[in-house]
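Heads up: the structure comes next, in structure tokens.
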Amino acid sequence: METVGLKNKRIRSGCILGGLLLFFLGMLAAYGVGVYNDSEQYITMHIHREPLYPLFLAFFRVILGEGYLTVTAVAQNLLTAAGIWVLTEYIAAHFKLRLWEELIVVFLQVVPHLMTRYVSALHIFLENSVMSEALCIPLFQFFLYFMLRVLFENRKRDRAWSLVFAFLLSMTRGQMMTTILIWLAVQLLQGTLQIIRQGRTAADDTGNRESKHGLFVPVILVIFVFGLRSLTVHVYNYAVTGYFMGNTYGQVNTLTNVIYACDREDGEVFEEDSLERAFFDRFYDEADVLEANHKYGGETFTQRAAHLESYHDVLKFQVLEADLSAYYFGLGKIDYYQQSSMSDEMAGRMIRKLLPACFGQWLYDYVLLCTYGFIRSIAVVHPLINWFALLCYGAALILSIWQVRRLKRSDAAWVMGLALLFIAANVCATSMTIMCLSRYMIYGFSLFYIAGFLLLREWMQKAAMERRENGISRY
């Protein structure tokens, strides 16, 4: 019987993988490769872009030459199908899911791809596109797989692999540096819980001291990984551009939202005849003409959030980038990389002085962006759906706490905790520099609803068990 059961599981697993491959490759056959505005920057290894995805493209370009984008898209779709399959199989095995339950987990991981294709404004099927998200999504699936193994099994091998995938994610998209911090948070939480348990049971404090010392190891590793990331980016940019430097444009991105939040008198933080003051006055005047300023945002929360998102790119490209580029190129004998670096340096200096002056308005705008980011992480922005998203978050928190109180250890609550931790980190980090578009927020969607499904399932199983026990006790 065990052999038959194992054979059936393998057949079921193979059918799920086959279905995923058929779906993703079918979408590629139906819609073809998508090349968008940002695609050229990845292909040309632009200084603004993190290294891994440009190198991923370069690998196929060197091997195949013309037509490499189609093969790259095939690889992206295969990786995504494999990532969904691996994560699903682990969740199904750990929670002992039946076939229909396993199919729900698969479906919840496919939904974000359908949303970005049929619901979002750009109508992109991400795995067909020449965009870093196409590689970032499968890497994130593997990261989640190893992080769940860390949560439930806590083996050194899984901790190492989850950190490796966090590093790869950070090299694909800057916002995904949050996964390194999430890895650290989980290690510290598990270490702290172990110290608490040992403190309750140990006769001496030898093991307790060793556990406390062990908390420093994840911190040191994370410092090393961030240092390694910075060094790798610098070396990559040196190989491509001849300049030993990090990715540029991050400071200009951040300054955009700061300028949006400013009033004219905020420019008084700069000396009258300084270059920073000249830039500020120019930025402010041009933003005023374009109505790309918080005072044009409207009265309601929704109006202000929509206005800020609509004008972020207008302010960034038509005002900040245009003016900074024109000035530095006007100095003569300056190439693009020098200009980009000098623009970022100027943006950083302006942020340090301006942000304290406009902090109240900037913080309000930041909350607007975060709110929309939280909504887009699990739904789409709409007056009615917004409340649904809020209720979902509330229900997730309440049910997680309830299950922990009932069961003492709830594996489903751990999954939800990981989902909420990632969503919060992703939203808050992204909102610091840019607006929370759906394709930036897609990563937490599936995990949140999978965790919600597992929580409901766990709650119903416990309730059914209590009913059976109460029925037996009556007799």
Side-chain angles (χ1 to χ4, degrees), residues 35-51 53-54 130-132 173-175 233-234 236-262 264 266-267 269-294 308-355 358 362 430 432-435 437 440:
V35 179
Y36 304 97
N37 292 337
D38 292 346
S39 301
E40 188 64 22
Q41 292 190 359
Y42 296 113
I43 293 170
T44 59
M45 297 182 163
H46 198 282
I47 192 69
H48 293 169
R49 300 298 176 180
E50 290 78 8
Y53 190 62
V130 184
M131 299 177 74
S132 61
R173 287 196 64 81
Q175 75 186 81
V233 171
H234 278 69
Y236 162 82
N237 285 331
Y238 180 75
V240 173
T241 70
Y243 289 97
F244 189 75
M245 59 193 297
N247 293 123
T248 59
Y249 211 59
Q251 299 275 37
V252 176
N253 260 331
T254 304
L255 180 61
T256 302
N257 286 346
V258 174
I259 294 294
Y260 180 90
C262 283
R264 183 173 294 280
D266 294 329
V269 296
F270 303 117
E271 294 181 11
E272 186 65 35
D273 297 323
S274 66
L275 182 57
E276 290 92 340
R277 179 62 182 267
F279 272 129
F280 175 83
D281 289 340
R282 189 177 179 89
F283 292 161
Y284 188 88
D285 289 341
E286 292 178 10
D288 201 37
V289 170
L290 294 170
E291 297 188 353
N293 184 276
H294 72 91
L308 174 53
E309 290 190 338
S310 298
Y311 280 91
H312 175 92
D313 281 352
V314 173
L315 183 57
K316 178 171 62 181
F317 292 120
Q318 295 184 30
V319 179
L320 272 67
E321 184 179 23
D323 290 346
L324 287 166
S325 298
Y327 174 79
Y328 286 114
F329 280 134
L331 297 177
K333 296 183 180 180
I334 291 177
D335 64 19
Y336 176 78
Y337 302 108
Q338 291 172 312
Q339 175 272 318
S340 190
S341 179
M342 293 166 78
S343 294
D344 236 28
E345 185 181 346
M346 172 58 70
R349 294 206 305 267
M350 293 183 71
I351 289 167
R352 287 191 288 273
K353 288 193 175 182
L354 272 177
L355 188 55
C358 67
W362 176 88
T430 304
M432 291 291 292
T433 57
I434 199 169
M435 62 279 199
L437 299 179
Y440 303 152

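- Residues satisfying the ring pair (Phe, Tyr, Trp, His ring centres under 6.0 Å) test with Y238, not counting sequence neighbours, are none.
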Could you walk me through whether H48 and N247 pass the side-chain contact (heavy atoms from CB on, under 4.5 Å) check?
CA-CA 5 Å; H48 293 169; N247 293 123; over 6 Å; no

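- Remark: the backbone N or O of Y337 is not paired with any side-chain donor or acceptor of S340 at under 3.5 angstrom.
- Using modelled atom types, one side-chain atom of Q175 and one backbone atom of Y440 make a donor-acceptor pair closer than 3.5 Å.
- With a 4.5 Å cut-off on side-chain heavy atoms, M350 and V258 do not count as touching.
- The ring pair (Phe, Tyr, Trp, His ring centres under 6.0 Å) pairs that include a residue from residues 312-334 are F279-Y327, where partners are two or more places apart or lie in different chains.
- Distance check, rounded to the nearest 0.5 Å: CZ of R349 to CD of E276 gives 4.5 Å.
- The shortest side-chain heavy-atom distance between L290 and L315 does not fall under the 4.5 Å cut-off.
- A distance of 5.0 Å separates NZ of K316 from OH of Y249, quoted to the nearest 0.5 Å.
- For the residue pair G174 and E50, the shortest heavy atom distance occurs at N-OE2, 3.0 Å.
- Atom CZ of F283 is separated from atom OG1 of T256 by 8.5 Å, given to the nearest 0.5 angstrom.
- The backbone N or O of N253 sits nowhere less than 3.5 Å from a side-chain atom of T433 that would complete a donor-acceptor pair.
- Taking the side-chain contact (heavy atoms from CB on, under 4.5 Å) definition, one finds that A261 meets it with C358, Q361, W362, D365, sequence neighbours left out.
- Ring geometry for Y42 against Y53 counts as perpendicular: the plane angle is over 60°, on a 0 to 90° scale with 30° as the lower cut.
- The side-chain contact (heavy atoms from CB on, under 4.5 Å) search around S341 returns M245, not counting sequence neighbours.
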Quick one, S343 with E321, criterion side chain to side chain donor-acceptor pair (under 3.5 Å). Give me CA distance, side-chain angles, the key distance, then yes/no.
CA-CA 8 Å; S343 294; E321 184 179 23; over 6 Å; no

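- Heavy atoms only, all atoms of each residue included: L320 and V252 are closest at CD2-O, 3.9 Å.
- Residues satisfying the side-chain contact (heavy atoms from CB on, under 4.5 Å) criterion with E309, sequence neighbours excluded, are L369, Y372, R376, M435.
- In terms of heavy atoms, C262 sits closest to L354 at SG-CD2, 3.9 Å.
- The shortest heavy-atom contact between Q339 and S325 is NE2-OG, 3.2 Å.
- Residues satisfying the side-chain contact (heavy atoms from CB on, under 4.5 Å) criterion with T44, sequence neighbours excluded, are E40, H46.
- Atoms OG1 and CE, from T430 and M432 in turn, are 11.0 Å apart once rounded to the nearest 0.5 Å.
- One distance of note links CG of D38 with CD1 of I43; it measures 11.0 Å at 0.5 Å rounding.
- The existence of a salt bridge linking E272 and R277 is confirmed by a sub-4.0 Å separation between a basic side-chain nitrogen and an acidic carboxylate oxygen.
- When side chains are defined from C-beta on, T248 does not count as touching Y243, because their heavy atoms never get closer than 4.5 Å.
- Atom CZ of F280 is separated from atom CZ of F270 by 7.0 Å, given to the nearest 0.5 angstrom.
- Across all their heavy atoms, L324 and M346 have their closest contact at CD2-CG, 4.1 Å.
- Put simply, the side chain of M45 does not reach to within 4.5 Å of the side chain of N237, judged on heavy atoms.
- When all heavy atoms of I47 and G246 are compared, the pair lying nearest together is CD1-O, 4.1 Å.
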